[in-house]
Amino acid sequence: MNNSRDHEKRPLQTVMLNSWGWSQRGEHKEENEDAFLNWPERYCWAVADGVGSSDYAARASQFLIKKLMSLPEATSLENHVQNARACLEEANALLSSRAMWPGTASSTIVLLLIHEEQASCLWAGDSRCYLLRDNVLYQCTNDHTLRQEKIDSGELTRPEAYRMVKGNIITNAIGTNSTKLDEVRFILHPGDRILLCSDGLSNILNDIKLTSLLCEGNAHTCAERIREAIMKYPHPDDTSFVTIFLS
């Protein structure tokens, strides 16, 4: 596996947890603009995807992950979320002001935080969080793209929106003046399986395939199967993901 770490840790008073991360540069890409964080010691996982239209996409995603690695140990889920929001708001201010590099630098982010039996997912952009529970796959996040905006407003049907030539334009990301962090919270159940990924994966593998891949094995073997599945198709975009399995 490329750039991976395998971990097993018992969350506070809840269940056993196993997580694994993987990232790969897209075909014909000069550099990998994705980055991920697999940090069960802080109950924190993330995937960042540098926005390709910005000048420093790869640096932006790497910067977000490094910033998140400064998060302190949380005393509650609310405290965990507040720390993460403050961290990402600071990163957004630095990137959007061009204080880091003499050009634009922005990145999507999807972040999972856990405290005891509670979880929070924060995101900006089209990197996604999926939850597999009782063999049913749920998409926890809502893409911040032009395509999704047209669907949400009722301007276009889903099939019409997916025929848009530029439907994948990002409408919200860290490093832009209009950044907004959306959030969803949920109670964890034993046996939950969570996948964080960049659109390099979700654009290749549909919900049916993802459900099948997430249903068996542990976080490590599942990650291997996802990687093998991706390699069967052309993958022009960078691909990063983290699998988090509870038992």
Side-chain angles (χ1 to χ4, degrees), residues 4-22 36-48 64-65 68-88 108-143 181-198 201-202 205 207-226 240-247:
S4 303
R5 292 191 301 153
D6 192 17
H7 295 275
E8 291 189 3
K9 188 176 180 67
R10 181 179 297 277
L12 303 176
Q13 303 174 7
T14 55
V15 294
M16 290 298 296
L17 179 150
N18 176 264
S19 61
W20 190 271
W22 182 79
F36 74 87
L37 176 63
N38 179 22
W39 197 16
E41 293 85 0
R42 284 289 188 270
Y43 305 103
C44 177
W45 301 263
V47 169
L64 292 189
I65 296 303
L68 289 170
M69 290 178 68
S70 67
L71 288 178
E73 187 170 356
T75 57
S76 67
L77 184 65
E78 192 63 41
N79 176 244
H80 213 358
V81 172
Q82 289 176 353
N83 290 338
R85 280 189 176 275
C87 176
L88 291 174
T108 73
I109 189 73
V110 60
L111 172 67
L112 180 72
L113 304 169
I114 290 177
H115 184 83
E116 298 183 353
E117 78 286 357
Q118 301 177 83
S120 169
C121 177
L122 299 167
W123 78 98
D126 62 352
S127 292
R128 294 179 177 179
C129 173
Y130 291 95
L131 168 66
L132 182 74
R133 177 175 292 169
D134 298 327
N135 295 328
V136 178
L137 187 69
Y138 303 92
Q139 183 179 327
C140 302
T141 52
N142 191 49
D143 294 348
L181 273 174
D182 276 349
E183 181 187 6
V184 61
R185 297 190 186 189
F186 50 95
I187 301 298
L188 295 166
H189 293 183
D192 282 351
R193 299 183 170 199
I194 300 169
L195 172 71
L196 306 181
C197 68
S198 62
L201 186 151
S202 57
L205 303 180
D207 289 0
I208 295 174
K209 185 63 175 177
L210 285 176
T211 300
S212 174
L213 291 168
L214 287 167
C215 274
E216 299 179 5
N218 57 31
H220 181 186
T221 57
C222 175
E224 288 282 2
R225 286 198 298 272
I226 292 175
S240 293
F241 62 87
V242 179
T243 52
I244 306 119
F245 283 22
L246 289 78
S247 60

Inset, instruction - Taking salt bridge (Lys or Arg N to Asp or Glu O under 4.0 Å) as the test, write out the residues that go with Asp182, two or more places apart. - result: Lys180
Inset, instruction - First locate atom CG of Leu113, then atom CZ of Arg185, and finally report the distance between them rounded to the nearest 0.5 Å. - result: 9.0 Å
Legend entry - Sidechain-backbone polar pair: Asp192 side chain, Leu246 backbone, donor-acceptor under 3.5 Å: no
Legend entry - Parallel, tilted or perpendicular: rings of Trp20 and His220 (30°, 60°): parallel
Legend entry - Partners meeting salt bridge (Lys or Arg N to Asp or Glu O under 4.0 Å) with Arg193 (sequence neighbours left out): none
Inset, instruction - Applying side chain to side chain contact (heavy atoms under 4.5 Å, CB included), run through Cys197 and Val47 and close with a yes or a no. - result: CA-CA 6 Å; Cys197 68; Val47 169; 5.6 Å; no
Legend entry - Residues, nucleotides or ligands: over 12 heavy atoms within 6.0 Å of Ile187 CD1: yes
Inset, instruction - Apply salt bridge (Lys or Arg N to Asp or Glu O under 4.0 Å) to Asp143 and list each qualifying residue two or more places apart in sequence or on a separate chain. - result: Arg128
Inset, instruction - Drop me the distance from Leu132's CG to Leu210's CG, to the nearest 0.5 angstrom. - result: 9.5 Å
Legend entry - Validation row: Ile226, Leu195 side chains within 4.5 angstrom (heavy atoms): yes
Legend entry - Note, Pro40 side chain near Asn38 side chain (heavy atom, < 4.5 Å): yes
Legend entry - Check: Trp123 side chain, Asn142 main-chain N or O, donor-acceptor pair, under 3.5 Å: yes
